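Presented below is the structure to which this report refers.
All residue numbers in this chain count up from 1 along the given sequence. Because the structure is a prediction, the values reported are computed rather than measured. The basis for the numbers below is simple: all heavy atoms, side chains too, and nothing from hydrogens, waters or symmetry mates.
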Amino acid sequence: EALRFCQTLLATDPDDAFGVGHAQSARALAAGRRYDDAMAAVSAAAGKARWRNDAGFSIRAAKISSLADRLADAGTWLERAYQHGFTDVKSIHDSPDLAAFRQQRPDQYRQLTTPRFAWRIEPGLVLDDVVVRNDSPFELTNVVVDVMVQSGGRQWKRELKAPSIRAGQS
């Protein structure tokens, strides 16, 4: 039924000016396990301005790519999803649609889903700063860092919080 609706939509707007027909077709085709056809629809929609910076579209494209056994594409789409604001890494771990990507590209999967960070202490005139840099490909959210500094027999403990740290940022 959904595929028929999309075909009707594309028949009325063959150029699919906004990419909606192809984007929805990709979902319907994937639901029907027609993964190669779904990938063709993803490709047709991907060039439209509406979807170029859309994290939801990119994560759906990653899932369809994994289902179609186009694993390099799955990784590329996942990176794009992160670049456009996708932060729900747990859903990547839990998604059965990404199982092929997880199992057949374990190194790339780990690189794209494992939080990585570096930290340093920057001395200040009065107080020093603890700087945390996000080396993950995705935004870290709800960051909590427990810091303990010992010097000259003294000890300082602080809990530092940040609502988020974008990829590559401090």
Spell out, as yes or no, whether a donor-acceptor pair under 3.5 Å connects the side chain of [X] to the backbone of [Y].
X: Arg80; Y: Ala61; answer: no
X: Arg102; Y: Ile92; answer: yes
X: Asp129; Y: Val131; answer: no
X: His84; Y: Arg52; answer: yes

task = Look at the aromatic rings of His93 and Tyr109 and report parallel, tilted or perpendicular, splitting at 30° and 60°.
result =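 Ring orientation, 0 to 90° scale: perpendicular.
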Considering non-hydrogen atoms only, spot the tightest contact between [X] and [Y] and give its length.
X: Ala38; Y: Ala30; value: CB-N, 3.8 Å
X: Lys90; Y: Asp94; value: NZ-OD2, 2.5 Å
X: Ala55; Y: Ala81; value: CB-O, 3.8 Å

ask   = Any salt bridge between Arg120 and Asp128, counting N to O under 4.0 Å?
value =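 No, this pair does not count.
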key: SB check Asp135 Arg133 (cutoff 4.0 Å)   =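 Yes.
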Residue pair Asp69, Gln104: steps toward the side-chain contact (heavy atoms from CB on, under 4.5 Å) verdict = CA-CA 9 Å; Asp69 206 31; Gln104 297 177 43; 3.5 Å; yes
So do the side chains of [X] and [Y] get within less than 4.5 Å of each other, counting heavy atoms only?
X: Phe86; Y: Ser91; value: yes
X: Pro163; Y: Asn142; value: no
X: Phe101; Y: Gln108; value: yes
X: Gln103; Y: Leu98; value: no
X: Arg116; Y: Pro137; value: yes
X: Trp77; Y: Ser66; value: no
X: Lys157; Y: Val147; value: no
X: Leu71; Y: Asp73; value: no

request  = Give the cluster check for Val132 versus Leu140: same hydrophobic cluster or not, with ILVMFWY residues linked at side-chain heavy-atom distances below 4.5 Å.
outcome  =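 In one cluster: yes.
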ask   = Should Val89 and Tyr82 be marked as a side-chain contact (heavy atoms from CB on, under 4.5 Å) after you check the CA-CA gap, both sets of side-chain angles, and the distance that decides it?
value = CA-CA 9 Å; Val89 178; Tyr82 290 148; 4.0 Å; yes
inquiry  = Pairing donors with acceptors under 3.5 angstrom, does anything connect the side chains of Ser164 and Glu139?
reply    =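 A donor-acceptor contact under 3.5 Å links the two side chains.
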inquiry  = Distance check, rounded to the nearest 0.5 Å: Arg166 atom CZ versus Thr87 atom OG1?
reply    =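 Spacing of CZ (Arg166) from OG1 (Thr87) equals 11.0 Å.
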inquiry  = So, taking the atom named CG in Leu127 and the one named CH2 in Trp156, what distance separates them when rounded to the nearest 0.5 Å?
reply    =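 Answer rounded to 0.5 Å: 10.5 Å.
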task = Using side-chain contact (heavy atoms from CB on, under 4.5 Å) as the criterion, point out the one residue from Ile59, Leu67, Ile64 that pairs with Asp97.
result =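 Among Ile59, Leu67, Ile64, the one that satisfies the side-chain contact (heavy atoms from CB on, under 4.5 Å) with Asp97 is Leu67.
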task = Give the intermediate values and the outcome of side-chain contact (heavy atoms from CB on, under 4.5 Å) for residues Phe117 and Ile165.
result = CA-CA 10 Å; Phe117 64 92; Ile165 305 173; over 6 Å; no
message = With salt bridge (charged side-chain N to carboxylate O under 4.0 Å, His left out) as the criterion, how do Asp146 and Lys161 come out once you've worked through the C-alpha distance, each side chain's angles and the decisive distance to 0.1 Å?
response = CA-CA 9 Å; Asp146 289 319; Lys161 295 182 179 183; over 6 Å; no
